[in-house]
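All remarks here apply to the structure that follows.
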Amino acid sequence: MANALRINPDDSVVMAMTDLPVRTPLDLDSGAAPLAVATRQPIPFGHKIAIAPIHKGEHVIKYGASIGVATQDILPGDHVH
């Protein structure tokens with residue numbers, strides 16, 4: 001069962017479909033290759049998780065579009081807020 005939702009293939013973040021404890025592997029259940037990403041912090045339902053490195057000053061991509069600019073470096077598995 002999927003525990004995260006990727007809205008667009010170009011997204012750098014996914015959305016938690018349930019509360020996720022630390023070190024939970026992300027499963028999109030999309031038929032694609034599984035992500036080699038696990039949560040680095042507890043992630044509440046509906047919050048964003050990075051699935052790729054996002055460097056300070058880079059755009060955070062959700063819905064295939066920028067939803068903001070990173071104010072610090074973000075690692076895969078990090079809570080994005």
(message) With rounding to the nearest 0.5 angstrom, report the CG to CD1 distance, Asp10 to Ile61.
(response)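 The CD1 atom of Ile61 is 8.0 Å from CG of Asp10, to the nearest 0.5 Å.
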
Are [X] and [Y] side-chain neighbours, meaning at least one heavy-atom pair lies under 4.5 Å?
{"X": "Val14", "Y": "Ile7", "result": "no"}
{"X": "Leu20", "Y": "Ile49", "result": "yes"}
{"X": "Val60", "Y": "Ser12", "result": "yes"}
{"X": "Ile51", "Y": "Arg6", "result": "yes"}
{"X": "Met17", "Y": "Met15", "result": "yes"}
{"X": "Ile43", "Y": "Asp19", "result": "no"}

Looking only at heavy atoms, which two atoms of [X] and [Y] are closest? And how far apart?
{"X": "Leu28", "Y": "Ala2", "answer": "O-CB, 3.6 Å"}
{"X": "Gly77", "Y": "Gln41", "answer": "O-OE1, 3.9 Å"}
{"X": "Ala16", "Y": "Pro44", "answer": "CB-O, 3.6 Å"}
{"X": "His55", "Y": "Ala70", "answer": "O-CB, 3.6 Å"}
{"X": "Pro76", "Y": "Ala52", "answer": "CG-C, 3.7 Å"}
{"X": "Leu26", "Y": "Ala4", "answer": "CD2-CB, 4.3 Å"}

(request) May I ask you to check whether His79 and His47 place their ring centers less than 6.0 Å from one another? (result)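 Yes, the ring of His79 comes within the 6.0 Å limit of the ring of His47, centre to centre.
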
(message) Pair Lys56, Val69 - check side-chain contact (heavy atoms from CB on, under 4.5 Å), show working.
(response) CA-CA 8 Å; Lys56 181 178 179 177; Val69 175; over 6 Å; no

(request) Determine which pairs satisfy salt bridge (Lys or Arg N to Asp or Glu O under 4.0 Å) with at least one residue from residues 59-80, sequence neighbours left out, and list them in order. (result)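 Salt bridge (Lys or Arg N to Asp or Glu O under 4.0 Å) check on residues 59-80 returns Arg40-Asp78.
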
(message) Would a single hydrophobic cluster contain both Ile54 and Tyr63, if residues Ile, Leu, Val, Met, Phe, Trp and Tyr are joined by side-chain heavy-atom contacts under 4.5 Å?
(response)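 Yes; Ile54 is reachable from Tyr63 via cluster members.
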
(message) With clusters defined by side-chain heavy atoms of hydrophobic residues (ILVMFWY) lying less than 4.5 Å apart, directly or transitively, does Val80 cluster with Leu5?
(response)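 Hydrophobic grouping puts Leu5 with Val80.
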
(request) Answer yes or no: is there a donor N or O on one side and an acceptor on the other, between the side chain of Thr39 and the main chain of Pro21, under 3.5 Å? (result)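 A pair under 3.5 Å: yes.
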
